[in-house]
Amino acid sequence: RQLVNNNDYARKFRGMVENNIVGPAGIRLQSRVQDAPNRPDQLASQAIEAAFVEWSAAADITGRQSLRDLCETLVGGLPSDGEFLVRMVKGADAGNRFNFALQLIDVDRIDTTMNGTYGGNTVVMGVEVNLYRRPVAVHVFAAHPNDGVRTSRERIRIPYEEVIHAFKVERAEQLRGIPWMAPGMLSLHHLGGFMLAAILAAEHGANHFGFFTSPDGEPPRGNEVAADGSQITVSQPGTFDTLPSGYTFEKFDSNYPNEVFGPFVKTALQRVATGWRVAYHSLAND
């Protein structure tokens, strides 16, 4: 989640997932009601489709998102979370005339510390399963762990027929999702470290013009000095540093940015794109 919020490539990947899975129009309903075999009932189909459009605008129980936006939020969390949890609310609590709405539940609310037994069933990381490892319920906290003063460690058991807990199953008996970005996170971390070092080297090389030498190593008149008398060293454009007495300077020219910077970044991003199973040129805007 930190990468999605702060890293440009991770944010782009999330956008690719949202745009390509949900699409600009979202999930739409096409009704094909028939009066008899091969006799479509156009009026009934139009009425059903119109009602679906109306419900889609009020599908979110909070009233903030349409069905299309809600689906985009759900799939947008898959790169960082690997799963999503939706509760189906029926009756007057739904808050619309259809008496049916969807409640998004942050997967952080699933009590991953709950492992053991419950009513004869097994609980693994907050997911309750029967003898055949079929999920029957999910145990969540009443409030998000980071809700501050409203944080509640009270646990609520929600039957599985009331929720949609979706993730890509990648191994047998898997009960929780794996973040889609996991394979490329290490490569992205190394790329960020390299780019930071290259930027700092280029900045330092561009800032420093040269060095003053003095018999006693004292800085030139007017340089900033700390309270203990030591010189304060800064890196800013056009600075000349002072060498202490007896020291010499061997010139060092920063090699960054140089000809290997671009190919290295490209190779690293190709590796990240491979782990995320997307085209490199789409991820890197190349």
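Both backbone and side-chain heavy atoms feed into the values below; hydrogens, waters and symmetry mates do not. The residues of the chain are indexed from 1 along the displayed sequence.
The shortest distance between side-chain heavy atoms of F141 and E154 does not fall below 4.5 Å. A heavy-atom distance below 4.5 Å is found between the side chains of I110 and V138. Annotation: side chain of M88 is in contact with side chain of I164 (closest heavy-atom distance under 4.5 Å). Side-chain contact check for V129 versus V136: every heavy-atom pair is 4.5 Å or farther apart. Residues I105 and I158 have side chains in contact (heavy-atom distance under 4.5 Å, counting atoms from C-beta outward).
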Please set out all donor-acceptor pairs under 3.5 angstrom arising from side-chain atoms of residues 175-183, sequence neighbours excluded.
| from | atom 1 | to | atom 2 | distance (Å) |
| --- | --- | --- | --- | --- |
| R176 | NE | E83 | OE1 | 3.1 |
| R176 | NE | E83 | OE2 | 2.9 |
| R176 | NH1 | M125 | O | 3.2 |
| R176 | NH2 | E83 | OE2 | 2.5 |

Using residues 261-273 as the side-chain source, report each donor-acceptor pair under 3.5 Å to any protein atom, sequence neighbours left out, with the distance given to one decimal.
| from | atom 1 | to | atom 2 | distance (Å) |
| --- | --- | --- | --- | --- |
| T267 | OG1 | P263 | O | 2.9 |
| R271 | NE | S187 | OG | 3.4 |

Indicate every side-chain donor-acceptor pair of residues 32-44 with a distance under 3.5 Å to a residue at least two apart or in another chain.
| from | atom 1 | to | atom 2 | distance (Å) |
| --- | --- | --- | --- | --- |
| R32 | NH2 | Q30 | OE1 | 3.4 |
| D41 | OD1 | L43 | N | 3.4 |
| D41 | OD1 | A44 | N | 3.2 |

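A distance below 6.0 Å separates the ring centres of H139 and Y118.
Listed by chain and number, the residues in a side chain to side chain donor-acceptor pair (under 3.5 Å) with R11 amount to none (sequence neighbours excluded). For L67, the side chain to side chain contact (heavy atoms under 4.5 Å, CB included) partners two or more places apart in sequence, or in a different chain, are F52, W55, S56, A59, C71, L102. Partners of Y9 by ring-ring contact (aromatic ring centres under 6.0 Å, His included), not counting sequence neighbours: none found.
Around atom CE of M185, no more than 12 heavy atoms belonging to other residues, nucleotides or ligands sit under 6.0 Å away.
Linking ILVMFWY side-chain heavy atoms closer than 4.5 Å, directly or via other members, places L70 and L29 in a single hydrophobic cluster. When hydrophobic clusters are built by joining Ile, Leu, Val, Met, Phe, Trp and Tyr residues whose side-chain heavy atoms come closer than 4.5 Å, directly or via intermediates, V75 is grouped together with V4. Side-chain heavy atoms closer than 4.5 Å link hydrophobic residues (I, L, V, M, F, W, Y) into clusters, and following such links, even through other members, never connects V22 to F167.
Donor-acceptor pairing under 3.5 Å is recorded for the side chains of D106 and H144. Of the N and O atoms on the side chains of K12 and N7, not one donor lies less than 3.5 Å from an acceptor on the other residue. Side chains of Q65 and T73: a donor on one and an acceptor on the other come within 3.5 Å.
A donor-acceptor pair under 3.5 Å links the side-chain atoms of N115 to the main chain of T112, judged by distance alone. Judged by distance alone, with hydrogens and angles left aside, the side-chain atoms of Q174 form a donor-acceptor pair with the main-chain N or O of E170 at under 3.5 Å. A donor-acceptor pair under 3.5 Å is absent between the side-chain atoms of R87 and the main chain of Q103, judged by distance alone. In terms of modelled atom types and a separation under 3.5 Å, the side chain of N130 and the main chain of R134 share a donor-acceptor contact. Using a distance-only test at 3.5 Å, with no hydrogens or angles considered, a donor-acceptor pair links the side chain of N96 to the main chain of A58.
Note on R1 versus D81: salt bridge recorded, some NZ/NE/NH1/NH2 to OD/OE distance being below 4.0 Å.
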